[in-house]
K.L.:
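Just passing along the structure, written as structure tokens.
Just follow the structure's listing: the first ligand is 1, and inside any ligand the first atom is 1.
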Amino acid sequence: MTKGKKWVLEKHFQGMPKRSDMKIVEFDIPPIKDGSVLLEAVYLSVDPYMRPYTARFPAGITMIGQQIAKVTESKNADFPVGTNVLTMAGWVSHSVSDGKELIKIPPYPKGVPLSLALGTLGMPGMTANYGFVDICAPKAGEVAVVSGAAGAVGNVVGQIAKIKGCKVIGFAGSDEKVAWLKELGFDEAFNYKTIKDLDATLKSVAPNGIDCYFDNVGGEFSSTVLSNMARLGRISCCGAISTYNDTKPLMLPAVHGTLVFKEITMKGFIISTYKDRFPEWIKEHVQWMTEGKLKYKQHVTKGFDNMFDAFMGLFSGANTGKAIVEV
Ligand SMILES: NC(=O)c1ccc[n+]([C@@H]2O[C@H](COP(=O)([O-])OP(=O)(O)OC[C@H]3O[C@@H](n4cnc5c(N)ncnc54)[C@H](OP(=O)(O)O)[C@@H]3O)[C@@H](O)[C@H]2O)c1
């Protein structure tokens, strides 16, 4: 009998995740019953949310996550052998499903890789679309700031902001990432690790204030952006990766006065709440890609056994664009 492999969360993460918090376990792949399919992982996603979300589950779980899998055996007529699907099976090489939670990946136009179902045409891309278009409600000519701008979500936000006619300012953690953001059409891009004074930088590129802030990082960086918002500005609170490995809550200046007197809207969201709208946004993104307005990069780590390293790359900033693991 062929063996499958899975990553088990042995211990809850404390601070930065450690390799010893997880282990790879082999298991017997069970035979499938009527109505079920056997899935083999093709690409697995590593995402920042996995760090805070694991705290909701007991130690000993199979590490959570989404993957693109291929049906390799089927006793379910809706999912014949060869079908590509999205599944939340977690960090596993093989899984059995009754089909209920599976999402079939539609055929993409020629040249668009299947793996984008985990990136620009998947959860991160949908996050960018909802979080920027619905929450920031951008108008042409407005100033938009994006943190984590060279990541899976951030790069899509910046490109949508350009499509919507904004002046787009991005922040990312290396000069190479900044160069890519400029290639994508960002009007201004900065390496937040090397700029001397964030406040002065923001005032120089957005002298009349920031209308839209798409926040991927939270923490002190975002407090400084918040203090530079324009009146009636909108903040989309997407993520707070700068705080995910903190062991003590961060104490920052109170923001309430700024929110009140500048009449700012600040909204957090979890994209799965809006999953019914994914088909509409996927169509829009495919259209923009076909028109050359929406580009992508993927950071591919090869090998199921290297999932932990790929995951940690999210916290060291190893990835430009979407981080995925190819089995
Ligand atoms: N609300 C939702 O439903 C939802 C959905 C998806 C993602 N998110 C959130 O959106 C954010 C981006 O996710 P993603 O999937 O696009 O990840 P990503 O940006 O592709 O990868 C993470 C990036 O975060 C940056 N980073 C790591 N530590 C940092 C720190 N201490 N300060 C500032 N930046 C840091 C790194 O880039 P640099 O080199 O630039 O530092 C790294 O490449 C995350 O906060 C995530 O939790 C939320």
K.L.:
Check the angle between the aromatic planes of Phe311 and Phe13 and answer parallel, tilted or perpendicular using the 30° and 60° thresholds.
P.N.:
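Rings of Phe311 and Phe13: tilted, 30 to 60°.
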K.L.:
Would you call Asp98 and Lys75 a salt bridge, using N to O less than 4.0 angstrom?
P.N.:
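Not counted as a salt bridge, because no side-chain N and carboxylate O are separated by less than 4.0 Å.
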K.L.:
Who are the side-chain contact (heavy atoms from CB on, under 4.5 Å) partners of Glu326, not counting sequence neighbours?
P.N.:
Tyr43, Val300, Lys302
K.L.:
If we ignore hydrogens and angles and just use 3.5 Å, is the side chain of Asp47 paired with the main-chain N or O of Tyr49 as donor and acceptor?
P.N.:
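No: the side chain of Asp47 does not pair with the backbone of Tyr49.
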K.L.:
Tell me which residues fall inside the under-4.0 Å heavy-atom shell around ligand 1.
P.N.:
Pro48, Met123, Thr127, Gly151, Ala152, Val153, Ala172, Gly173, Lys177, Tyr192, Asn216, Val217, Cys238, Gly239, Ala240, Ile241, Ser242, Tyr244, Phe269, Ile270, Ile271, Leu314, Phe315, Gly317, Asn319, Gly321
K.L.:
Hey, are Arg234 and Glu142 close enough for a salt bridge, meaning a charged N less than 4.0 Å from a carboxylate O?
P.N.:
yes
K.L.:
Before giving the answer on side chain to side chain donor-acceptor pair (under 3.5 Å), spell out for His285 and Asn129 the whole-Å C-alpha distance, their side-chain angles and the decisive distance to 0.1 Å.
P.N.:
CA-CA 9 Å; His285 286 201; Asn129 196 315; 3.0 Å; yes
